[in-house]
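Indexing begins at 1, ligand by ligand and atom by atom, following the structure's order. Only a predicted model underlies this, so the values are computations on that prediction, with no experimental measurement involved.
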Amino acid sequence: MRILFCTSEASPFAKTGGLADVAGSLPEALHKLGCDVRIFMPLYRCVREKLASLEPLGQGATITIGPHDYHVHLWQSRTASGIPVYFLEKDEFFDRSNLYGSPVRGDYEDNAERFIAFSLSVRHVCEAAGWFPSIFHLHDWQTGLVAPYFQMNWRYDPRFARSGTVFTIHNIAYQGIFPAGFFPLINLPPRVWSFQGIEFWGQCNLLKAGIVYSDFLTTVSPRYAEEITTSDFGFGLEGVLTERKKSLRGILNGIDTDIWDPRTDSYLPENYGPDELAGKNACKRALCQLAGFEKTTRRFPLLGMIGRLAAQKGFDLLEQILPELMELPVNLVILGTGDASIEESIRSMERHFPDRLKLTDRYDEKMAHLIEAGSDIFLMPSRYEPCGLNQMYSLRYGTIPVVHATGGLDNSVSDVLLHPGSGTGFKFYQYEPEAFLEKIKSALALFENSPKWEQIQKRAMAQDFSWSMSAKNYLAVYDKVAGQRRP
Ligand code: ADP
C-alpha cells in the first residue's frame, strides 16, 4: 500500500495543532505495518530553519492559478525513521513567520492561492518522485481541492488510474471559506460551482470540496463522526455529510507513547508508573512550587487545564464556575494562549486567588508535561472536541479527567460513576456550568478515598492509546478505497 499524506503541517517540521501530531505519528505507525508512506507539505520558513539537509526533487514544475503561471520547486528529506518527506518550495507563499496568518492581522489574505498552489503540486510531486500512490490521504480544508483535481483531471492519467482519495476532517469549524471571486483561481469546470460542488452559501468552501469529491471520509473520533452530521456540530455542512454518511468513519487518534510516558518523560523531576506512583507526588510538588501555590500537600487537590484559550475549549463554563470552584479546597493551574478576553477573565480571578489559581499564557511544552504529571484532576470541558489529546495524556499520567461527553472525549473516557468497575474519569452530559461543577465535586469526593482513587489511576494508566490500533483502522479504510479502484 502506497500512501501520500498531503498535509499543511506535520510534527516535528511545522505545528499549530492536533493535525501536526496526527501527520507526524500516523505515517510512522503505518510504516511499521509495512506501508510505503510518504509525506508532502509546504516548505515554510520554520521548516527551512529546522532542516539542515534538503535534496532537490526533480526540476521543478509550473502550476496555473487562475490566469497566472507560477514556477515551484520540490525538495525531499526523511523523518528520523526514514519516511520520505517532500516539500513544496514557493517562497512567495510559504516563507513567512507563521503557517496561516499573523496573530495580530489574522489569516493571510492569499491563503486561497497558497493552498491552491499546494493542492496542484501534489500531482507534480508524484511525477518528480516517479512514485504513484494507491491513496492520497488529504487533511483539512488546505488539501480539500486535491479531491476534485484528482477526480476531474488526474485520474484519467493511467499512472493514477488505480489511486483513490481519503479525506480526514480534523475540526469542521475550520472550512477555508473564500468569496465567490476566488472560484476562477481554482481552474475547475463551471459545474463545480453548485451546491453539490464547492459552492457554499455563495462562497467557495474548500473543506466542502474535500467532503464532496473524496472517495472516503474520516474524522478523528467515532462520536465526532456522528456529531458532525447534526446541526449542533456540523457548522453548516451537516447536510452534505449526512449524504456521505456511508463513506464516513470516525477513527480515534492515537498519542505518541514515546513522548508521553511518565516512566521516561525527561521533563519531569521524577518518573513514575502504574506500579510506583510516588514520583507523581514529586511532580505535584514541583508544579505547585512553580505556580507559587501556598498549599502544596499531597492531599490538597490540584486541578490542571491545558489548551488554546478559545470558546471551543469550554472556558465559558470555567469562567462561570470559577467563583464557586475557588470556594472549594483546590488549587488550579491553567496553561494556554489565545483569546485575550478569556485570558483577562481568568486573570481577574487570579488576582483574587493568587496563591491558588495560576494562568501561564505561553506555549510551553515542558510545563504541559509537568501539568499532566503533577495534577490530580484534569479539566477538559470542551463545548465540542473532535478528538482531543490532553485527556489521553492525562489518563496515561494517572491524572483523572473531568470532561464534557462530546467527540473524542466521550470515546476515550469512561465514566466512573456509571461504570464503577471500569471507569477512568468523570463525564458531564449537559453543556452547563452546574453539570461541570457537579462532576468536579464528584471527582473531589472520590479523591478523598485514596485506595479507590489509586485503583482508578491504575486503570486509567493501563489504557492503550497507541497509534497501532488507529493505524490498523486507517489501513482498513485504505484497503476498501483501493479495492474499489481495482479493475
Ligand atoms: P487542538 O488541536 O484543538 O488545539 P488537542 O488537544 O487535539 O487540541 O491538541 C493540542 C495539543 O497542543 C496538545 O498536544 C496540547 O498539549 C498542546 N498545547 C496546547 N496549548 C499548549 C500550550 N500553551 N503549551 C504547550 N502545549 C500546548
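- If you number the atoms of ligand 1 from 1 as listed, the ones under 4.0 Å from a heavy atom of N390 come out as 6 (O), 13 (C), 15 (C), 16 (O).
- Each of the following atoms of ligand 1 lies closer than 4.0 Å to a heavy atom of R362: 22 (C), 23 (N), 24 (N).
- Residue Y393 holds the heavy atom nearest to atom 14 (O) of ligand 1 of all those in Y384, Y363, Y393, W260.
- Residues satisfying the salt bridge (Lys or Arg N to Asp or Glu O under 4.0 Å) test with R285, not counting sequence neighbours, are none.
- Here side-chain hydrogen bond (donor to acceptor under 3.5 Å, both in side chains) pairs that include residues 349-360, with residues two or more places apart or in two chains, are E344-R351, R347-E350.
- In this structure, V166 and T218 have side chains that are in contact, with non-hydrogen atoms separated by less than 4.5 Å.
- For ligand 1, the atoms lying closer than 4.0 Å to a non-hydrogen atom of G18 are 2 (O).
- Only backbone heavy atoms of D364 (N, CA, C or O) come within less than 4.0 Å of ligand 1; its side chain stays farther off.
- Ring orientation note: the planes of H170 and H139 are tilted relative to one another, at an angle of 30° to 60°.
- At least one N or O atom of R308, backbone or side chain, sits closer than 3.5 Å to an N or O atom of ligand 1.
- For atom 8 (O) of ligand 1, the closest heavy atom belonging to the protein is K313 NZ, 3.1 Å.
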Quiz item: E28 and K32: salt bridge (Lys or Arg N to Asp or Glu O under 4.0 Å), yes or no, with the steps?
Solution: CA-CA 6 Å; E28 301 286 344; K32 282 189 193 142; over 6 Å; no
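- With F465 as the aromatic partner, R396 does not meet the cation-pi criteria of under 6.0 angstrom to the ring centre and within 45 degrees of the ring axis.
- Using a 4.0 Å cutoff on heavy atoms, C387 does not count as a contact of ligand 1.
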Exercise. Please lay out, stage by stage, how D316 and R383 fare under the test salt bridge (Lys or Arg N to Asp or Glu O under 4.0 Å).
Key: CA-CA 9 Å; D316 53 336; R383 180 183 287 271; 3.0 Å; yes
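- Not one N or O of M380 is nearer than 3.5 Å to an N or O of ligand 1, by distance alone.
- Looking only at protein heavy atoms, the nearest one to atom 6 (O) of ligand 1 is L389 N, 3.0 Å.
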